[in-house]
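Scroll down for the structure; my scribbles are underneath it.
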Amino acid sequence: MNIRSLRYFVSVAETHSVSLAAELLHRSQPAVSRAIQELEAELGVSLFVREGRRMTPSAEGWALLPHANAVLRGADDLGARARHLASGKVAILRVGGAASTVESVFPRLIAIYTAAQPSVEVALTLDSGSGLLTALERGELDVIFTREVSNQFLESKRLFPMHVTAVMRKEHPLGSLPIISVEDLQDEGLLLGPKPFTSRMLFDIACRTADMSPQVMLESPFQAALLALAEVGHGVAILPSTMSLAGRSVTVRGLLSAGAPIGTWTALVWDRRRRTAQVDAFIEIATATLRNDYPGAYLQLPALASPLNH
(Lines give C-alpha, C1' and ligand atoms only; values in the text may rest on other atoms or scores of the structure.)
Protein backbone atom coordinates (compact mmCIF):
# COMPACT_ATOMS: atom_id res chain seq x y z
CA MET A 1 0.00 0.00 0.00
CA ASN A 2 1.28 3.47 -0.84
CA ILE A 3 0.18 7.06 -0.34
CA ARG A 4 -0.41 7.59 -4.06
CA SER A 5 -2.97 4.76 -4.21
CA LEU A 6 -4.82 6.19 -1.22
CA ARG A 7 -4.93 9.63 -2.91
CA TYR A 8 -6.40 8.01 -6.02
CA PHE A 9 -8.99 6.18 -3.89
CA VAL A 10 -10.06 9.36 -2.08
CA SER A 11 -10.20 11.41 -5.27
CA VAL A 12 -12.35 8.84 -7.10
CA ALA A 13 -14.63 8.56 -4.05
CA GLU A 14 -15.09 12.35 -3.96
CA THR A 15 -15.65 12.80 -7.70
CA HIS A 16 -17.44 9.47 -8.41
CA SER A 17 -15.40 9.37 -11.61
CA VAL A 18 -12.08 7.82 -12.63
CA SER A 19 -11.69 10.22 -15.55
CA LEU A 20 -12.37 13.33 -13.44
CA ALA A 21 -10.08 12.10 -10.66
CA ALA A 22 -7.34 11.44 -13.22
CA GLU A 23 -7.74 14.97 -14.59
CA LEU A 24 -7.55 16.53 -11.12
CA LEU A 25 -4.53 14.42 -10.19
CA HIS A 26 -2.78 15.04 -13.54
CA ARG A 27 -2.53 11.31 -14.16
CA SER A 28 -3.76 9.07 -16.95
CA GLN A 29 -7.10 7.33 -16.52
CA PRO A 30 -5.57 3.82 -16.92
CA ALA A 31 -3.00 4.63 -14.20
CA VAL A 32 -5.73 5.60 -11.74
CA SER A 33 -7.87 2.56 -12.60
CA ARG A 34 -4.88 0.23 -12.22
CA ALA A 35 -3.95 1.76 -8.83
CA ILE A 36 -7.51 1.30 -7.56
CA GLN A 37 -7.55 -2.33 -8.70
CA GLU A 38 -4.20 -2.99 -7.01
CA LEU A 39 -5.40 -1.36 -3.79
CA GLU A 40 -8.57 -3.47 -3.82
CA ALA A 41 -6.51 -6.62 -4.33
CA GLU A 42 -4.18 -5.68 -1.49
CA LEU A 43 -7.03 -4.85 0.92
CA GLY A 44 -9.15 -7.79 -0.16
CA VAL A 45 -12.33 -5.75 -0.64
CA SER A 46 -14.14 -3.99 -3.47
CA LEU A 47 -13.91 -0.25 -2.82
CA PHE A 48 -16.44 0.85 -5.44
CA VAL A 49 -19.72 -0.13 -7.03
CA ARG A 50 -19.32 0.50 -10.74
CA GLU A 51 -22.44 1.83 -12.49
CA GLY A 52 -21.37 2.64 -16.01
CA ARG A 53 -18.87 5.47 -15.69
CA ARG A 54 -20.05 6.39 -12.20
CA MET A 55 -17.97 5.07 -9.32
CA THR A 56 -19.83 4.95 -6.01
CA PRO A 57 -17.98 3.79 -2.89
CA SER A 58 -19.14 0.39 -1.67
CA ALA A 59 -20.08 -0.20 1.95
CA GLU A 60 -16.46 -1.20 2.55
CA GLY A 61 -15.25 1.85 0.64
CA TRP A 62 -17.33 4.22 2.77
CA ALA A 63 -16.04 2.52 5.92
CA LEU A 64 -12.39 2.87 4.86
CA LEU A 65 -12.62 6.40 3.44
CA PRO A 66 -12.21 8.26 6.81
CA HIS A 67 -9.15 6.14 7.60
CA ALA A 68 -7.62 6.90 4.19
CA ASN A 69 -8.21 10.61 4.74
CA ALA A 70 -6.56 10.39 8.16
CA VAL A 71 -3.47 8.71 6.68
CA LEU A 72 -3.26 11.39 3.97
CA ARG A 73 -3.56 14.18 6.53
CA GLY A 74 -0.74 12.61 8.50
CA ALA A 75 1.40 12.32 5.38
CA ASP A 76 0.72 15.94 4.44
CA ASP A 77 1.59 17.06 7.98
CA LEU A 78 4.82 15.07 7.86
CA GLY A 79 5.75 16.71 4.58
CA ALA A 80 4.92 20.18 5.87
CA ARG A 81 7.01 19.67 8.99
CA ALA A 82 9.93 18.42 6.91
CA ARG A 83 9.74 21.51 4.69
CA HIS A 84 9.69 23.76 7.75
CA LEU A 85 12.77 22.02 9.14
CA ALA A 86 14.52 22.38 5.81
CA SER A 87 13.74 26.10 5.77
CA GLY A 88 15.39 26.59 9.16
CA LYS A 89 12.17 26.62 11.21
CA VAL A 90 12.40 24.26 14.16
CA ALA A 91 8.70 24.16 15.01
CA ILE A 92 5.24 25.01 13.76
CA LEU A 93 2.37 26.34 15.89
CA ARG A 94 -1.10 25.61 14.50
CA VAL A 95 -3.57 28.25 15.67
CA GLY A 96 -7.31 28.43 14.94
CA GLY A 97 -9.99 31.06 15.36
CA ALA A 98 -13.21 32.50 13.98
CA ALA A 99 -12.92 34.90 11.05
CA SER A 100 -13.81 37.93 13.19
CA THR A 101 -11.12 37.03 15.72
CA VAL A 102 -8.54 36.42 13.02
CA GLU A 103 -9.24 39.83 11.50
CA SER A 104 -9.22 41.77 14.77
CA VAL A 105 -6.60 39.92 16.84
CA PHE A 106 -4.23 37.81 14.78
CA PRO A 107 -2.23 40.40 12.77
CA ARG A 108 -1.05 42.23 15.88
CA LEU A 109 -0.64 39.13 18.03
CA ILE A 110 1.24 37.05 15.50
CA ALA A 111 3.61 39.91 14.71
CA ILE A 112 4.53 40.03 18.41
CA TYR A 113 4.76 36.25 18.71
CA THR A 114 6.96 35.68 15.65
CA ALA A 115 9.28 38.49 16.75
CA ALA A 116 9.68 36.74 20.11
CA GLN A 117 9.79 33.22 18.60
CA PRO A 118 11.58 33.59 15.23
CA SER A 119 12.21 29.86 14.90
CA VAL A 120 8.48 29.04 15.06
CA GLU A 121 6.18 29.30 12.06
CA VAL A 122 2.50 30.00 12.74
CA ALA A 123 -0.13 28.24 10.62
CA LEU A 124 -3.66 29.65 10.80
CA THR A 125 -7.04 27.94 10.46
CA LEU A 126 -10.42 29.70 10.23
CA ASP A 127 -13.55 27.87 11.36
CA SER A 128 -16.57 28.04 13.66
CA GLY A 129 -16.19 27.34 17.38
CA SER A 130 -17.45 23.76 17.07
CA GLY A 131 -15.21 23.08 14.07
CA LEU A 132 -12.17 24.43 15.90
CA LEU A 133 -12.85 22.27 18.95
CA THR A 134 -13.18 19.17 16.77
CA ALA A 135 -9.86 19.93 15.05
CA LEU A 136 -8.18 20.53 18.44
CA GLU A 137 -9.46 17.24 19.83
CA ARG A 138 -8.18 15.43 16.74
CA GLY A 139 -4.73 16.91 17.23
CA GLU A 140 -4.96 18.98 14.02
CA LEU A 141 -4.51 22.28 15.93
CA ASP A 142 -2.34 23.23 18.89
CA VAL A 143 -4.29 26.16 20.36
CA ILE A 144 -7.54 27.89 19.41
CA PHE A 145 -9.52 31.03 20.20
CA THR A 146 -13.07 30.08 21.18
CA ARG A 147 -15.40 29.99 24.19
CA GLU A 148 -14.13 28.59 27.49
CA VAL A 149 -13.93 24.80 27.68
CA SER A 150 -12.79 22.53 30.46
CA ASN A 151 -12.89 18.74 30.38
CA GLN A 152 -10.64 15.73 30.87
CA PHE A 153 -8.18 16.81 28.18
CA LEU A 154 -8.92 20.45 27.28
CA GLU A 155 -8.16 23.52 29.36
CA SER A 156 -8.70 27.23 28.82
CA LYS A 157 -7.27 30.65 29.58
CA ARG A 158 -9.90 33.39 29.63
CA LEU A 159 -8.86 36.43 27.56
CA PHE A 160 -11.66 38.94 26.93
CA PRO A 161 -15.47 39.22 26.72
CA MET A 162 -17.39 38.68 23.49
CA HIS A 163 -20.82 40.34 23.43
CA VAL A 164 -23.58 39.55 20.98
CA THR A 165 -24.54 42.87 19.41
CA ALA A 166 -27.14 44.32 17.06
CA VAL A 167 -25.56 46.35 14.28
CA MET A 168 -27.76 48.73 12.26
CA ARG A 169 -27.65 51.83 10.09
CA LYS A 170 -27.00 55.11 11.87
CA GLU A 171 -30.59 56.35 11.53
CA HIS A 172 -32.31 53.19 12.78
CA PRO A 173 -34.94 53.92 15.48
CA LEU A 174 -33.49 51.29 17.81
CA GLY A 175 -30.25 53.25 17.84
CA SER A 176 -31.83 55.76 20.22
CA LEU A 177 -31.83 53.10 22.96
CA PRO A 178 -28.60 52.63 24.97
CA ILE A 179 -29.09 48.85 24.97
CA ILE A 180 -31.80 46.63 23.50
CA SER A 181 -33.36 43.27 24.27
CA VAL A 182 -34.00 40.41 21.89
CA GLU A 183 -37.73 41.19 22.16
CA ASP A 184 -37.04 44.60 20.59
CA LEU A 185 -35.96 42.76 17.43
CA GLN A 186 -39.22 40.85 17.01
CA ASP A 187 -40.34 42.87 13.98
CA GLU A 188 -36.89 43.42 12.46
CA GLY A 189 -35.43 41.57 9.50
CA LEU A 190 -32.26 39.96 10.84
CA LEU A 191 -28.93 39.15 9.24
CA LEU A 192 -27.42 36.15 11.04
CA GLY A 193 -24.32 34.00 10.98
CA PRO A 194 -24.78 30.21 10.65
CA LYS A 195 -25.84 28.10 13.63
CA PRO A 196 -22.34 26.74 14.49
CA PHE A 197 -21.10 30.30 15.17
CA THR A 198 -20.91 31.02 18.91
CA SER A 199 -22.67 34.40 18.58
CA ARG A 200 -25.51 32.73 16.67
CA MET A 201 -25.79 29.93 19.23
CA LEU A 202 -26.08 32.44 22.09
CA PHE A 203 -28.61 34.54 20.15
CA ASP A 204 -30.76 31.47 19.43
CA ILE A 205 -30.72 30.53 23.12
CA ALA A 206 -31.86 34.06 24.01
CA CYS A 207 -34.68 33.89 21.43
CA ARG A 208 -35.92 30.59 22.82
CA THR A 209 -35.81 32.03 26.34
CA ALA A 210 -37.92 34.98 25.16
CA ASP A 211 -40.24 32.65 23.20
CA MET A 212 -39.41 34.69 20.11
CA SER A 213 -39.15 33.55 16.49
CA PRO A 214 -36.64 35.81 14.70
CA GLN A 215 -37.38 37.00 11.17
CA VAL A 216 -34.29 35.87 9.27
CA MET A 217 -33.57 37.90 6.13
CA LEU A 218 -30.21 36.28 5.43
CA GLU A 219 -28.00 33.65 7.01
CA SER A 220 -24.36 33.74 5.93
CA PRO A 221 -20.91 32.87 7.31
CA PHE A 222 -19.56 36.03 5.65
CA GLN A 223 -19.96 38.49 8.49
CA ALA A 224 -18.45 41.37 6.52
CA ALA A 225 -21.31 40.98 4.03
CA LEU A 226 -23.87 41.07 6.86
CA LEU A 227 -22.22 44.21 8.20
CA ALA A 228 -22.30 45.90 4.79
CA LEU A 229 -26.00 45.14 4.36
CA ALA A 230 -26.83 46.48 7.84
CA GLU A 231 -24.89 49.65 7.06
CA VAL A 232 -27.23 50.48 4.16
CA GLY A 233 -30.35 49.63 6.16
CA HIS A 234 -31.04 46.19 4.70
CA GLY A 235 -31.75 44.50 8.02
CA VAL A 236 -30.17 44.38 11.47
CA ALA A 237 -27.03 42.25 11.75
CA ILE A 238 -26.41 40.09 14.82
CA LEU A 239 -22.64 40.08 15.17
CA PRO A 240 -19.98 39.46 17.84
CA SER A 241 -18.36 42.50 19.45
CA THR A 242 -15.03 41.17 18.10
CA MET A 243 -16.11 42.12 14.57
CA SER A 244 -13.98 44.88 13.05
CA LEU A 245 -16.09 48.00 12.37
CA ALA A 246 -13.27 50.17 11.02
CA GLY A 247 -14.61 52.69 8.52
CA ARG A 248 -18.24 51.60 8.95
CA SER A 249 -21.05 54.10 9.54
CA VAL A 250 -23.22 51.98 11.84
CA THR A 251 -24.77 51.96 15.30
CA VAL A 252 -23.88 49.07 17.62
CA ARG A 253 -25.96 48.08 20.63
CA GLY A 254 -25.42 45.28 23.11
CA LEU A 255 -28.24 42.78 23.47
CA LEU A 256 -30.02 41.75 26.66
CA SER A 257 -31.71 38.46 27.50
CA ALA A 258 -33.82 38.38 30.66
CA GLY A 259 -32.14 41.63 31.67
CA ALA A 260 -28.56 40.38 31.32
CA PRO A 261 -26.06 41.02 28.49
CA ILE A 262 -25.75 38.17 25.98
CA GLY A 263 -22.20 36.99 25.55
CA THR A 264 -19.42 34.70 26.59
CA TRP A 265 -15.68 34.89 27.17
CA THR A 266 -13.17 34.41 24.38
CA ALA A 267 -10.47 32.08 25.62
CA LEU A 268 -7.42 30.25 24.45
CA VAL A 269 -8.05 26.50 24.54
CA TRP A 270 -5.47 23.74 24.21
CA ASP A 271 -5.09 20.01 24.84
CA ARG A 272 -3.04 19.48 28.00
CA ARG A 273 -1.68 16.24 26.53
CA ARG A 274 -0.04 18.18 23.69
CA ARG A 275 1.00 21.37 25.48
CA THR A 276 4.42 22.46 24.18
CA ALA A 277 6.85 25.30 24.82
CA GLN A 278 5.47 27.00 21.71
CA VAL A 279 1.92 26.83 23.10
CA ASP A 280 3.11 28.18 26.48
CA ALA A 281 4.81 31.13 24.81
CA PHE A 282 1.70 31.88 22.74
CA ILE A 283 -0.54 31.80 25.85
CA GLU A 284 1.78 34.17 27.70
CA ILE A 285 2.03 36.65 24.83
CA ALA A 286 -1.70 36.56 24.04
CA THR A 287 -2.63 37.12 27.68
CA ALA A 288 -0.31 40.11 28.03
CA THR A 289 -1.27 41.62 24.67
CA LEU A 290 -5.05 41.31 25.03
CA ARG A 291 -5.46 42.00 28.76
CA ASN A 292 -6.79 45.54 28.24
CA ASP A 293 -6.62 46.20 24.50
CA TYR A 294 -9.04 43.65 23.04
CA PRO A 295 -11.57 43.70 20.17
CA GLY A 296 -14.75 45.56 21.10
CA ALA A 297 -13.30 47.20 24.23
CA TYR A 298 -14.02 50.65 22.78
CA LEU A 299 -17.76 49.84 22.57
CA GLN A 300 -17.95 50.04 26.40
CA LEU A 301 -20.66 47.37 26.66
CA PRO A 302 -22.06 46.24 30.03
CA ALA A 303 -19.95 43.70 31.87
CA LEU A 304 -20.94 40.06 31.48
CA ALA A 305 -22.39 38.68 34.69
CA SER A 306 -20.56 35.38 34.32
CA PRO A 307 -19.01 33.29 31.54
CA LEU A 308 -21.32 30.91 29.68
CA ASN A 309 -19.77 27.51 29.25
CA HIS A 310 -21.06 25.30 26.46
Side-chain angles (χ1 to χ4, degrees), residues 96-104 125-134 144-147 161-266 295-296 299 301-302 304-305 307-310:
S100 60
T101 304
V102 169
E103 181 180 7
S104 57
T125 294
L126 277 68
D127 206 339
S128 65
S130 56
L132 293 169
L133 284 169
T134 298
I144 62 175
F145 286 84
T146 188
R147 59 191 180 276
M162 184 281 289
H163 290 76
V164 180
T165 67
V167 182
M168 63 205 83
R169 62 182 175 87
K170 281 286 189 180
E171 301 80 11
H172 197 288
L174 288 177
S176 62
L177 302 176
I179 194 165
I180 62 179
S181 67
V182 290
E183 292 88 346
D184 293 324
L185 300 173
Q186 178 66 69
D187 299 324
E188 300 292 336
L190 301 180
L191 310 167
L192 301 174
K195 294 184 183 298
F197 282 24
T198 299
S199 57
R200 173 65 186 275
M201 291 168 58
L202 295 175
F203 181 71
D204 286 347
I205 292 170
C207 287
R208 289 194 295 270
T209 301
D211 195 24
M212 169 194 157
S213 298
Q215 298 183 30
V216 182
M217 290 182 65
L218 177 65
E219 182 179 295
S220 172
F222 302 108
Q223 294 181 320
L226 303 182
L227 177 58
L229 290 171
E231 185 177 20
V232 298
H234 189 71
V236 175
I238 305 302
L239 296 170
S241 58
T242 52
M243 182 76 187
S244 175
L245 302 176
R248 297 291 189 177
S249 179
V250 293
T251 296
V252 182
R253 292 291 180 264
L255 284 174
L256 295 179
S257 174
I262 305 172
T264 187
W265 287 86
T266 297
L299 295 173
L301 297 170
L304 297 178
L308 295 176
N309 294 299
H310 296 278

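- In this structure Thr134 satisfies the side chain to side chain donor-acceptor pair (under 3.5 Å) test with no other residue, sequence neighbours excluded.
- Sequence neighbours left out, the pairs with a member in residues 204-217 that pass side-chain hydrogen bond (donor to acceptor under 3.5 Å, both in side chains) are Arg200-Asp204.
- Nearest heavy atoms, Pro214 versus Phe203: CB-CE2, 4.3 Å.
- Considering only residues two or more places apart in sequence or on other chains, Thr198 meets the side chain to side chain donor-acceptor pair (under 3.5 Å) condition with Arg147.
- The side-chain heavy atoms of Met162 and Leu202, taken from C-beta on, include a pair separated by under 4.5 Å.
- When all heavy atoms of Ala166 and Met168 are compared, the closest pair comes out as O-CE, 3.6 Å.
- The side-chain heavy atoms of Met201 and Ser130, taken from C-beta on, include no pair separated by under 4.5 Å.
- Every residue meeting the side-chain contact (heavy atoms from CB on, under 4.5 Å) condition with Ala237, not counting sequence neighbours, appears here in chain and number order: Val167, Leu191, Leu226, Ala230, Leu239.
- Under the side-chain contact (heavy atoms from CB on, under 4.5 Å) criterion, Ala206 pairs with Val182, Ser257, Ile262, sequence neighbours left out.
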Residues Ile180, Leu255; criterion side chain to side chain contact (heavy atoms under 4.5 Å, CB included); working and verdict: CA-CA 5 Å; Ile180 62 179; Leu255 284 174; 3.5 Å; yes
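- With sequence neighbours left out, the side-chain contact (heavy atoms from CB on, under 4.5 Å) criterion links Pro302 to Ile179, Pro261.
- Of all heavy-atom pairs spanning Pro221 and Pro194, the tightest one is CA-CD, 3.5 Å.
- With rounding to the nearest 0.5 Å, the separation of CD in Gln223 from CD1 in Ile238 is 11.5 Å.
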Side chain to side chain contact (heavy atoms under 4.5 Å, CB included) assessment of Leu229 paired with Met217: CA-CA 11 Å; Leu229 290 171; Met217 290 182 65; over 6 Å; no
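- The structure places CG of Leu132 at 5.0 Å from CG of Asp127, a figure rounded to the nearest 0.5 Å.
- Judged as a side-chain contact (heavy atoms from CB on, under 4.5 Å), and not counting sequence neighbours, the contacts of Thr125 are Leu141.
- A side-chain hydrogen bond (donor to acceptor under 3.5 Å, both in side chains) check over residues 174-193, counting only residues at least two apart or in different chains, returns the pairs His172-Glu188, Ser181-Glu183, Ser181-Asp184.
- For residues 237-247, every residue pair satisfying the side-chain hydrogen bond (donor to acceptor under 3.5 Å, both in side chains) rule, not counting sequence neighbours, is listed here: Ser100-Thr242.
- Sorted by first and then second residue, the salt bridge (charged side-chain N to carboxylate O under 4.0 Å, His left out) pairs involving residues 236-250 (not counting sequence neighbours) are Glu231-Arg248.
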Worked check of side chain to side chain contact (heavy atoms under 4.5 Å, CB included) between Leu174 and Arg253: CA-CA 9 Å; Leu174 288 177; Arg253 292 291 180 264; over 6 Å; no
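- Of the residues Thr251, Leu301, Leu245, the one that meets the side-chain contact (heavy atoms from CB on, under 4.5 Å) test with Thr165 is Leu301.
- Listed by chain and number, the residues in a salt bridge (Lys or Arg N to Asp or Glu O under 4.0 Å) with Glu103 amount to none (sequence neighbours excluded).
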